[in-house]
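Counting starts at 1 for both ligands and their atoms, in listed order. We number each residue from 1, following the sequence as shown. All values below come from the heavy atoms of this structure, side chains included, with hydrogens, waters and symmetry mates left out.
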Amino acid sequence: MVDNSAALIARIEQLKREKGAVILAHYYTPAEVQQVADFLGDSLALSVKARDIEAPVILFAGVNFMAETAKVLSPDKRVLIPVPEAGCSLAESCPAEAFAAFKAKYPDHKVVSYVNTTVGVKALTDICCTSSNALQVVESIPREQPIIFAPDRNLGSHIARLTGRDNIVLWDGACLVHEEFSLPKILQLKEQYPEAKVVVHPECPREIVDVADYAGSTAGILKYCGECPSREFIVVTEAGILAEMRKRYPQKHFIPAPPKGSDGCNECRDMKLITLESIVRCLENESPEVTMDEQVRLAAERSILNMVAVKG
Ligand code: 13P
Ligand code: SF4
């Protein structure tokens, strides 16, 4: 199997050169997929990279809303997605039609949407955010201006708590992976590893965020683990991030928090659908490719560029 991986990786490198393609990958993809990435990052870094990239072809190793975001920002490039059916429970918890009806109930509200949304929801959004910049995005809006925050109720209520704002209406969506962490199991790990710091993604429910030493995006968590003098960390986010943690900080010990139903790692099934084989096929065929309606793209682009402007 190792030999097979090596051959697939060599083939991918050859195809990248032939096709002028770059691979963007999220930290939650399998470790061997992360190995072939030209850029590995969290949602925010990947959005910015997709906008700035010069190569004519982008292959997006991630779930479908991420590839869509890349296409919105790079309409003149071909954006390939190896497994288009790799979706996101959070994005799926907010269908555009239902969201339009919800939005109509709050005509004086500005819409802030987490980037984990379909292009249709982004088109209904004033400004996107990711978990890296949600606080800055909300703070960029005048305090007296009421806000709809979608689709993640956990991230939205976390930001409402941090800002002390009581004028944020939440869409009732969540990520099924981050909802699955078990507080009793985390508390048990804390007892077992009393020196360990607990790092948590804010897509987790409040009772989990409340036991965190640090809560932030995947990029934020990686940075914290590097800067914090502690040598042990209980990691409460999708387990794909462990590959990058162990690569960057080999002298530190990372303990994955398990989900409620098992003692194994908590994984995003959709992110794990991306394989080296699917990347080879996709580059060879230059398909599947992301396409979208230009009007919807333009509306979605505005909300993403508004976000990127806040970050910059
Ligand atoms: P970030 O990349 O913003 O940390 O988000 C995590 C996530 O769930 C992506 O699907
Ligand atoms: Fe979506 Fe959750 Fe998977 Fe991220 S971890 S892609 S939010 S389902």
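- Legend: side-chain hydrogen bond (donor to acceptor under 3.5 Å, both in side chains) pairs involving residues 159-170, not counting sequence neighbours, sorted by first then second residue: R165-N167.
- Within a 6.0 Å sphere centred on NZ of K260, heavy atoms belonging to other residues, nucleotides or ligands number more than 12.
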Using a 3.5 Å cut-off and no angle test, enumerate the donor-acceptor pairs between side-chain atoms of residues 230-237 and protein atoms at least two apart in sequence or in another chain.
from, atom 1, to, atom 2, distance (Å)
S230, OG, E195, O, 3.4
S230, OG, E232, N, 3.4
S230, OG, E232, O, 3.2
R231, NH2, Q251, O, 2.9
E232, OE2, H253, ND1, 3.3
T237, OG1, Y28, OH, 2.8
T237, OG1, H178, NE2, 2.8

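- Of the charged side-chain nitrogens involved, at least one lies within less than 4.0 Å of a carboxylate oxygen, so that R297 and E301 count as a salt-bridged pair.
- If you look at ligand 1, the protein residues with a non-hydrogen atom under 4.0 Å away are H26, Y28, D42, S43, M66, Y114, N116, S131, H201, E203, S217, T218.
- L189 places none of its side-chain heavy atoms less than 4.5 Å from the side chain of K185.
- Ring pair W171/F102 is perpendicular by interplanar angle, where above 60° counts as perpendicular and below 30° as parallel.
- Taken to the nearest 0.5 Å, the CD atom of E244 stands 6.5 Å off from the CD atom of Q34.
- Here CD of E92 is found 11.0 Å from CG of N116. Values are rounded to the nearest 0.5 Å.
- Protein-derived N/O/S atoms nearer than 2.8 Å to atom 2 (Fe) of ligand 2 total 1, waters excluded.
- Distance check, rounded to the nearest 0.5 Å: SG of C225 to CE of M245 gives 4.0 Å.
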